[in-house]
Amino acid sequence: MISQKMKQMVEQSAAMSAMFTEGKRLAAIYGAENVYDFGIGNPNVKAPASVNATAIEILQNMDSLKVHSYTDSSGIPAARKAIAESLNRRFGTNYDESNLVMTVGAAGGLNVILKVLLDAGDEVLTFAPYFGEYDNYVMNVGGVLHPVPPNPPDFLPDVDALSACITPKTKAIIINSPNNPTGVIYDAGTIEKIAAVLRQKSAEYGTDIYIIADEPYRELAYDGVEVPYIPNFYENTIVAYSFSKSLSLPGDRIGYLVIPSTVADFAEVSMGAAIANRVLGFVNAPALQQMVVAKCCEETTDVAFYNANRELLYNALQEYGYSCAKPQGAFYLFVKALEDDDKAFCEKAKEYRLLVTPGSAFGCKGYVRISYCVARETIENSLPSFKALAESYKK
């Protein structure tokens with residue numbers, strides 16, 4: 001019999017599994033081109049040409065034994081140095097390779113740093129709505145995730161609610177900006193208020209409260225909106241970054257942790273992250289991909305493609321009577337369901353061959369997430385279905 005913890009994870013993932021199954025069922029009936037799947041955040045933009053070219057160059061010119069060998073658990077020093085220098089240019093920081101740990105994507109990085117920081121029973125906060133896997137990542141190491149209640153309609157963090165949620169057991173807060181699922185970017189003023197609360201509570205309880213900044217969508221920002229670099233606002237910040245979205249490499253599983261020298265117990269945290277990389281079974285981030293992103297870390301995906309999708313879908317849904325905060329980043333719309341029960345709304349949407357994700361999966365009932373990182377034609381062809389779905393609620 002499987003463990004009770006895994007039983008809980010299986011139950012939590014059942015809705016997502018059912019969505020994939022339903023998508024295949026509907027495609028078999030109506031044809032794949034007539035089913036509009038907005039369920040998953042899988043980039044539909046090719047990686048920059050330089051990524052493939054760099055990989056080919058490495059494979060053709062470097063000793064195969066070096067390309068495919070184990071690396072340091074923290075990652076290849078030259079790759080960490082190149083990324084640190086890029087961050088220094090972009091954000092005015094003063095990092096070197098000692099501040100970087102290469103990881104198996106941001107998800108791997110989150111699991112690594114939670115393994116380092118948490119003892120059983122320690123608490124982690126995050127702002128709802130939030131990426132549902134945080135529950136599992138925290139539970140993996142015996143911690144407890146407590147969501148700070150959502151703050152609609154703009155979904156900016158409620159700092160007073162955050163303060164009320166912090167206890168002596170609070171070890172960290174996960175901040176995801178640009179946010180999945182809302183697309184909201186937390187502005188500098190909000191980050192400053194969060195930092196002030198954490199400093200006050202750390203002093204009150206005599207503890208160290210870390211911010212874990214989960215930033216896979218950092219490069220996907222629209223309308224000139226700036227994404228604040230949180231370590232410049234709060235000294236006890238650790239960044240988990242992924243190239244999955246910025247370079248359209250989700251299947252290559254490559255990212256990194258930034259552990260600034262200012263964080264509490266820096267030396268122990270850094271050493272712990274290298275050890276956690278190993279004991280969690282990652283051993284090291286993929287060696288070839290470390291070399292590739294070291295050379296391509298300042299390349300970006302086609303943000304204009306996602307922006308055009310955003311404008312098309314957002315404007316159409318507004319016209320049809322849907323309501324949502326216009327996303328400033330990432331590639332999701334978080335739309336108010338047209339009935340109180342978001343799961344029932346998602347079932348109703350299937351009648352119109354629309355696959356969307358219930359907001360309850362993100363800790364926020366009454367909403368649905370629509371992922372617009374799809375082909376333009378998918379959005380264009382889906383609009384009559386979205387319109388018909390809205391009209392069905394007016395009868």
Centroid separation Tyr217 to Tyr332 less than 6.0 Å: yes

Ser382 side chain vs Ile379 backbone, donor-acceptor pair below 3.5 Å: yes

Asn232 side-chain N/O to Pro228 backbone N/O, donor-acceptor pair under 3.5 Å: no

Ring geometry between Tyr372 and Phe331 (parallel below 30°, tilted from 30 to 60°, perpendicular above 60°): perpendicular

Closest non-hydrogen atom pair, Tyr30 against Asn34: O-ND2, 2.7 Å

Separation of Thr103 OG1 from Leu280 CG (nearest 0.5 Å): 11.5 Å

Heavy-atom closest pair, residues Ile259 and Phe266: O-CE1, 3.2 Å

Candidate pair Phe155 and Phe334, rule ring-ring contact (aromatic ring centres under 6.0 Å, His included), full reasoning: CA-CA 10 Å; Phe155 291 106; Phe334 202 56; 5.6 Å; yes

Side chain proximity check, Arg80 to Asp72, heavy atoms < 4.5 angstrom: yes

Working for salt bridge (Lys or Arg N to Asp or Glu O under 4.0 Å), residues Asp223 and Arg310: CA-CA 11 Å; Asp223 301 329; Arg310 175 187 73 130; 3.0 Å; yes

Aromatic contact, Tyr320 with Phe386 (centres under 6.0 Å): no

Pairing of Arg90 and Glu219 as salt bridge, 4.0 angstrom limit: yes

Test salt bridge (Lys or Arg N to Asp or Glu O under 4.0 Å) applied to Glu204 and Lys201, step by step: CA-CA 5 Å; Glu204 178 181 344; Lys201 288 293 184 178; 3.6 Å; yes

Shortest non-hydrogen contact from Leu118 toward Lys171: CD2-CB, 3.7 Å

Val159 with Tyr234, same ILVMFWY side-chain cluster at under 4.5 Å: yes

Arg89 and Glu298 ion-paired at < 4.0 Å: yes

Mutual orientation of the aromatic rings belonging to Tyr137 and Tyr134 [parallel < 30°, tilted 30-60°, perpendicular > 60°]: tilted

Pairing of Glu380 and Arg376 as salt bridge, 4.0 angstrom limit: no

Asp63 atom CG, over 12 foreign heavy atoms within 6.0 Å: yes

Distance-minimising heavy-atom pair for Ile209 and Asn236: O-ND2, 3.5 Å

Validation row, ring centre Tyr36 to ring centre Tyr352 under 6.0 Å: no

Under the ring pair (Phe, Tyr, Trp, His ring centres under 6.0 Å) test, residues paired with Tyr210 that sit two or more places apart: none

Atom of Cys346, atom of Thr357 and distance for their closest heavy-atom approach: SG-C, 3.9 Å

Charged N-O contact under 4.0 Å between Glu215 and Lys245: no

Lys/Arg N to Asp/Glu carboxylate O, Arg199 vs Glu235, below 4.0 Å: yes

Salt bridge Lys348-Glu351, side-chain N to carboxylate O under 4.0 Å: yes

